[in-house]
S.K.: 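One structure, as structure tokens, below. Some questions next.
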Amino acid sequence: MTKLYQYISLTLIGLFVITVFINGKILLLTHPRYTWFTFATGIILIMIGAVGGIGQIKKLYKDGKKSLSIWNKQLFLVLMCCVLFFIPIKSLSSQTFQNRDTNVGLNFTEKEKENTESKLATNADTTTFDFMEWVGVKYLNNPSIFEGKKFIGKGFISETETANYFKLSRFVVSCCAVDATPVYFYVNYDYTQEFKANDWVEIEGEFSINEVSGENHPVIKPTTIKKIDEPRDAYLNRN
Amino acid sequence: MLLNQISDFIMIFLGLMVAALPFIVFGVSASVILTKYVSSERIAKYKSKNTFISHLQAMSIGLFLPVCECGNIPLANRLIKLGFKPSEIITFVLSAPILNPIVFITTFVAFNLDPNVAYIRLLAGGIIALFVGLLFSLIPQQDALLSKNFYSPNTHNHSHDNCEIDHDHSLVNQFKSEFFNVFKMLAIGALIAAVFQIFIPRDFILLFGNNQLISIIVLMVLAFVVSICSTIDAFFALSFLGSFSIGAILAFLIFGPMIDIKSLLMMNTIFKPKTLLLISIVVALLCVALGLSVDVFYKSNYIL
């Protein structure tokens, strides 16, 4: 039974991988560049689990074992694999955001900075910029660029110590949740009446330069702000 | 608050496991195929009898394997059974996560401002791995370096659950046995790494960035704790530019792939804890020395 349970566990691990691939939750566990690789891994595990498991069942019958003892140490492994399917897969919370928000953020290469500058120069309509592109603009270290620019984007709410401000936050992932790095923009809005920390919101607004916690930052002044469900692409991905 | 922490802990644990899974399957498959189709006689034919060259040969295997440390352990296990000495395997497991094509490319891309970081990483990683392997080759009783559970090629596969001899030598059974052997260690390593990631504030670790020696040690501790895959750690390390010296960043980029919680627990399936402790100490000292040397000799205007 030991081997049979191990083959069942292999199959369950493979099935779990396929399940998160199909429902898109795999994007909260690993980078998109690895998803097909991971999917193929799931298929391989299911195939090996099925071939080995069927072989074991045949062997058990061939050996003429009429009654099988269900209890085995490996049953615990099977149960743990079953539990995987009931774990709600979510993005990291604002709690981890605060823990990792250490001023040691991302760093952009010169080529990435040149691309950002070129996009800024050729696109007057900044509402087409996505969150990652705005983060790239932030890392040009020239806050005045932001002044008066239109912003449309989504993120989750993280608290700040300054009243009437919150951080519109996202995580940038290069490989998996382990290396998720926080990025954010300050939003000048008292969210406490309508929203709470970790809520996902979509914001339309305009940037201005304000002093927050003693430093000048690009700050979004929202014209509309609405609560949304956690998006499928909760993490921003670095290639 | 605690619920969020628990949820994040589970997500980091699962993230590590899912990200490592394809590499483990790749490594175990390579190991099983190697067993089936490559005989120890063939290995012996090509392996040099000269200690230095045989360690170089072990090191060069990594150049052809585009996997991180997770995939190397099952393969290392098999290479010993095919006739490689434990000291050569030490060189292999330490060098393969650095001397592989993907790691070089990602480091080169991340530090494209000065590709010397990628070259130093490759070169220094190789030299450290070679040095540590050669150092351990001086131990005459090579088998004494191996874990008690490491079975020799002359014994049968052994199922420890019911202490029965396993005569099933099918590819599927070998895959299953090796997979779970590494998988359980990965799970324990991922659990520990997730605990550190969630419950130890990162700014506490980064408080020590100003002192040259301490900053090197701090980034090495961080590399040990976060257990990031070597194929992408260059992007993570890039975020320390400006806050930490280039020597500390290189120590992070070399020490992390060689020694971290996850890989140490997986290496535990091959080597004795005492061997692993000695390897860790030697690698750590060499990485500190490398970090300090780079900081001394490297141009001060290197960083952005």
Side-chain angles (χ1 to χ4, degrees), chain A residues 2-3 6-7 9-10 13 16-17 20 26 28-31 34 37-38 40-42 44-45 48-49 51-52 55 59 72-74 77 84 87-96 98-111 173-181 197-198 238, chain B residues 1 4-5 7-8 10-12 14-22 24-26 29 109-113 159 161-162 166 168 170-173 175-177 179-180 183-184 193-194 197-198 200-203 205-206 209 226-229 231-233 235-236 238-244 304:
Chain A
T2 298
K3 283 188 184 176
Q6 285 181 331
Y7 284 121
S9 303
L10 266 187
I13 294 168
F16 172 73
V17 168
V20 291
I26 198 165
L28 298 178
L29 298 173
T30 189
H31 192 282
Y34 297 127
F37 191 25
T38 313
T41 302
I44 291 169
L45 290 179
I48 293 173
V51 170
K59 189 170 175 289
N72 185 295
K73 266 198 290 186
Q74 297 298 327
L77 181 65
L84 285 175
I87 295 173
I89 310 284
K90 298 195 294 185
S91 60
L92 297 173
S93 72
S94 62
Q95 190 83 29
T96 299
Q98 308 282 6
N99 182 8
R100 295 187 180 186
D101 185 15
T102 55
N103 289 326
V104 182
L106 297 173
N107 220 313
F108 286 81
T109 60
E110 283 305 306
K111 193 170 181 198
V173 165
S174 301
C175 174
C176 59
V178 176
D179 64 75
T181 307
N198 288 317
R238 192 103 194 265
Chain B
M1 187 184 265
N4 281 337
Q5 280 185 309
S7 165
D8 290 353
I10 294 170
M11 289 309 115
I12 288 176
L14 280 180
L16 261 172
M17 296 297 288
V18 170
L21 200 59
I24 290 186
V25 170
F26 183 86
S29 305
V109 170
F111 290 88
N112 68 348
L113 264 184
S159 166
D161 292 295
N162 299 316
D166 186 353
D168 184 355
S170 67
L171 285 178
V172 169
N173 188 50
F175 178 94
K176 180 216 67 173
S177 302
F179 176 84
F180 281 111
F183 190 76
K184 67 182 177 198
Q197 286 237 348
I198 294 300
I200 295 186
R202 195 161 285 180
D203 52 3
I205 298 174
L206 300 178
V226 295
S227 304
I228 297 182
C229 173
T231 53
I232 55 94
D233 61 356
F235 292 103
F236 187 77
L238 191 64
S239 64
F240 299 121
L241 264 182
S243 305
F244 284 85
L304 291 170

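Because the structure is predicted, anything quoted here is derived from the model rather than measured. Per chain, numbering begins at 1; letters A, B, ... match sequence-line order.
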S.K.: Find the one option among B/Pro22, B/Ser29, B/Ser7 whose heavy-atom pairs under 4.5 Å with chain A are most numerous.
M.R.: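 Of B/Pro22, B/Ser29, B/Ser7, B/Pro22 has the most heavy-atom pairs under 4.5 Å with chain A.
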S.K.: In terms of ring plane angle, is the pair B/Phe180 and B/Phe183 parallel, tilted or perpendicular, where the classes change at 30° and 60°?
M.R.: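 Perpendicular.
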S.K.: Between A/Leu10 and chain B, which part of the residue has a heavy atom less than 4.5 Å away: side chain, backbone, both or neither?
M.R.: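 Backbone plus side chain of A/Leu10, per the 4.5 Å heavy-atom cut-off to chain B.
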S.K.: Just to verify, which of A/Leu84, A/Leu45, A/Ile87 counts as forming a side chain to side chain contact (heavy atoms under 4.5 Å, CB included) with A/Phe16?
M.R.: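 Output: one option passes, namely A/Leu84.
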S.K.: Report which part of A/Ser91 has an atom under 4.5 Å of a heavy atom belonging to chain B: side chain, backbone, both, or neither.
M.R.: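 Backbone only.
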S.K.: Where on B/Ile10 is there a heavy atom nearer than 4.5 Å to chain A: the side chain, the backbone, both, or neither?
M.R.: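 B/Ile10 touches chain A through side-chain heavy atoms alone.
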S.K.: Describe, in one word, how the ring planes of A/Tyr34 and A/His31 are oriented to each other, choosing from parallel (under 30°), tilted (30 to 60°) and perpendicular (over 60°).
M.R.: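 Taking A/His31 first and then A/Tyr34, their aromatic rings stand perpendicular (interplane angle over 60°).
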S.K.: Closest approach of B/Asn173 and A/Lys3, non-hydrogen atoms and distance?
M.R.: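 Shortest heavy-atom separation between B/Asn173 and A/Lys3 comes out as OD1-CE, 3.5 Å.
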S.K.: Using the side chain to side chain contact (heavy atoms under 4.5 Å, CB included) criterion, which residues pair with A/Val17? Sequence neighbours excluded.
M.R.: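 Counting only residues at least two positions away or on another chain, A/Val17 forms a side chain to side chain contact (heavy atoms under 4.5 Å, CB included) with A/Thr38, B/Leu21.
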S.K.: Select one option (side chain, backbone, both, neither) describing which atoms of A/Leu28 are under 4.5 Å from chain B's heavy atoms.
M.R.: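 No part of A/Leu28 comes within 4.5 Å of chain B.
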S.K.: Could you look at B/Val18 and say if it's the side chain, the backbone, both or neither that has a heavy atom under 4.5 Å from chain A?
M.R.: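 Answer is both: backbone and side chain atoms of B/Val18 are under 4.5 Å from chain A.
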S.K.: Which atoms of A/Ser93 come close to chain B, meaning under 4.5 Å heavy atom to heavy atom: side chain ones, backbone ones, both, or neither?
M.R.: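 Both parts, backbone and side chain.
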S.K.: When only pairs under 4.5 Å are counted, which of B/Val172, B/Asp8, B/Asn4 shares the most heavy-atom pairs with chain A?
M.R.: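 Looking at each of B/Val172, B/Asp8, B/Asn4 in turn, B/Asp8 comes out on top.
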S.K.: Who are the side chain to side chain contact (heavy atoms under 4.5 Å, CB included) partners of A/Ala180, not counting sequence neighbours?
M.R.: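 Partners of A/Ala180 by the side chain to side chain contact (heavy atoms under 4.5 Å, CB included) criterion, ordered by chain and then number, come out as A/Leu92, A/Arg100, A/Phe171, A/Val173.
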